[in-house]
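Just so you know, ligand 1 is whichever comes first in the structure, and atom 1 is the first atom listed for that ligand. Worth knowing before you read on, the calculation uses all heavy atoms, side chains too, and leaves out hydrogens, waters and symmetry mates.
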Amino acid sequence: MKSVNVLIDKIYAPASTVTPADVEALKPEIEAAGALLHNGQGKGNDFLGWVNLPSSITTAQFDEIEAAAKTLREKADVVLAIGIGGSYLGAKAVLEALSGSFDNLTAPQKGKHTKVLFAGQNISEDYMWELMEAVKNLDIAAIVISKSGTTTEPAIAFRIIREEIERRYGKAGAAERIVAVTDAAKGALRTLATTEGYKTFVIPDNVGGRYSVLTPVGLLPLAVAGVDIRALVAGAVEMEQLTATAPFAENPAMQYAAARTALYRAGKKVEILASYEPKLQNIGEWWKQLYGESEGKEGKGLFPASVTLTADLHSMGQYIQEGERILFETVIRIAQPDHTVTIGADKDNLDGLNFLAGKRIHEVNRMAILGTMLAHVDGGVPNIAVELPKIDAHTIGALLYMFEKACGMSGYALGINPFDQPGVEAYKKNMFALLGKPGYEEAGEALRKRL
Ligand code: PA5
């Protein structure tokens, strides 16, 4: 089985207005969008560094990341990865996907079980207090990640965490326990890292935050957590090559981009990314940022939502089945789980489950997936399936790259720049104004009158 298989035949459901001819008609447009990503002639072309990023990572770069990760692991029971948005979601998603669901029950221990915890992805005082409380008797280190080096949420978290690290280990000790991942030259974080003598990794200029998981932004925290980053990148390299060369009908990124574009043009407004594996929940969070921030512009774009099934069939299932018909689903399906659990027979059969005796839970899950797919399709919710042979570093790397490539193509087909995010600034301006940041006084006064 290929690392990632995209099946779009269930978008042509009886109740769907999309036909195979509609998807075929998009072939020239999607191919042209793919060409723009490679020839750099499209919008936002100064942010295309991710296109050939996986295959351009050198052995020396892997070595450097792994060496830094090893140093942090040797010094710390817990490494705090500080970042937000594209500087957080990729590492969080991959780490969760590749960890045991209950690894948090294993005590953190430097070297063997160094844990990565995240900070700076919110401004919750309770989160910050509880995090510092949780690590008060553990050895800590930090990776601070910010491309701009000026983002408020991670900057606040880093100030607090840096003070704690300096208090415990002194300035010189802190310099051995803090690694910064940021721009090569610009931003407050770069200045701070240079002044304090921190080890640093550079986020390439031409890779935007939400496309940066395969740079040190994602790779360093993942390496600290013990993820096989070479296998992750190898999966992405495989997908980079496949999506650059495979014809439309065999190209998973093109098939996915064409299917979702056809559905959008047929009136669908919301794409729900669904999976039946709880450990993929944060892949959904990463994917939402990728597509939401890339496409939601100029009054256009599918709204990306995510669910974890079957849990959410008992909360969102009703709406998906019978609510507004503005939805379609993209469902990640896993062919083989890692482990085997078989349902036993019970002589009394009081729970009435003996019809499942001898079956693996995976088989029940598979029937839930197929049954739900047909029910939703019949209810007017077209279905795209994204099949992975299993969850491992290689397939997750391939999946991430497939989604990135399809996002670039979908964005171009939508006619927007998929690589900027001007709308993110609005809340920041208001927050700074309300906080009285120098330069925002007048705006602050105007806003306060409205509250
Ligand atoms: O995709 C993006 O560009 C954003 O989500 C950023 O990653 C996010 O705002 C964090 O920015 P920075 O890395 O500059 O702190």
Side-chain angles (χ1 to χ4, degrees), residues 43-51 53 80-95 118-123 142-162 178-193 198 200-222 282-297 301 304 306 400-401 403-408 410-411 416-432 437:
K43 291 182 182 171
N45 55 5
D46 42 349
F47 284 99
L48 291 172
W50 59 273
V51 175
L53 172 73
L80 301 166
I82 306 164
I84 195 166
S87 292
Y88 152 67
L89 285 161
K92 170 86 173 157
V94 176
L95 180 55
F118 293 92
Q121 79 282 36
N122 59 57
I123 329 179
I143 304 169
V144 54
I145 307 165
S146 176
K147 183 171 184 198
S148 61
T150 56
T151 306
T152 309
E153 292 90 335
I156 293 171
F158 184 48
R159 179 178 279 209
I160 290 164
I161 290 165
R162 180 165 54 96
I178 295 175
V179 177
V181 183
T182 190
D183 185 84
K186 296 188 296 284
L189 180 57
R190 170 56 62 184
T191 309
L192 205 156
Y198 300 151
T200 62
F201 287 90
V202 170
I203 309 174
D205 268 352
N206 59 359
V207 180
R210 58 192 173 275
Y211 294 85
S212 69
V213 56
L214 299 174
T215 71
V217 167
L219 298 182
L220 180 59
L222 289 169
N282 275 293
I283 294 285
E285 298 304 315
W286 171 84
W287 171 91
K288 283 194 283 197
Q289 187 208 0
L290 181 65
Y291 281 83
E293 214 165 78
S294 297
E295 293 193 320
K297 290 163 200 171
S306 66
L400 297 177
Y401 187 87
F403 277 142
E404 288 180 355
K405 191 72 178 279
C407 186
S410 300
I416 50 84
N417 175 358
F419 307 114
D420 64 1
Q421 54 283 326
V424 180
E425 296 310 309
Y427 98 90
K428 292 184 189 169
K429 282 189 196 132
N430 283 357
M431 181 176 77
F432 293 150
K437 187 173 178 177

Ranked by distance from atom 10 (C) of ligand 1, the top protein heavy atom is I84 O, 3.3 Å
So does N417 get a backbone contact from the side chain of K297, meaning a donor-acceptor N/O pair under 3.5 Å? yes
Close N or O approach (S146, ligand 1; < 3.5 Å): yes
Determine the interplanar angle of the F158 and Y198 rings, folded into 0 to 90°, and report it as parallel if under 30°, tilted if 30 to 60°, perpendicular if over 60°. perpendicular
Nearest candidate to atom 12 (P) of ligand 1, where distance is taken over non-hydrogen atoms, out of V144, T151, V207: T151
Scanning both residues in full, the closest heavy-atom pair of I82 with A142 reads CD1-CB, 4.2 Å
Would you mind checking which non-hydrogen protein atom is closest to atom 7 (O) of ligand 1, with the distance to 0.1 Å? G86 N, 2.9 Å
For ligand 1, which atoms have a heavy atom of S87 less than 4.0 angstrom away? 7 (O), 12 (P), 13 (O)
Between G85 and ligand 1, is there a nitrogen or oxygen pair with a distance under 3.5 Å? no
Got the closest protein heavy atom to atom 2 (C) of ligand 1, with its distance? E293 OE1, 3.1 Å
State whether the number of non-hydrogen atoms from other residues, nucleotides or ligands found under 6.0 Å of K186 atom NZ is greater than 12. no
Mark up the atoms of ligand 1 that fall under 4.0 Å of a heavy atom belonging to S148, in ascending order. 12 (P), 14 (O), 15 (O)
Quick one: look up the protein heavy atom nearest atom 3 (O) of ligand 1 and list residue, atom name and how far away it is. G209 N, 3.5 Å
Atoms of ligand 1, numbered as shown, that sit under 4.0 Å from any heavy atom of Q421: 3 (O)
Do the charged groups of K43 and D420 touch, with an N to O distance under 4.0 Å? no
Are the aromatic ring centres of F118 and Y88 under 6.0 angstrom apart? yes
Between W50 and E404, which heavy-atom pair has the shortest distance, and what is it? CH2-O, 3.6 Å
Which residue and non-hydrogen atom of the protein lie closest to atom 5 (O) of ligand 1, and at what distance in Å? Q289 NE2, 2.5 Å
Classify the ring geometry between W286 and F403 as parallel (under 30°), tilted (30 to 60°) or perpendicular (over 60°). tilted
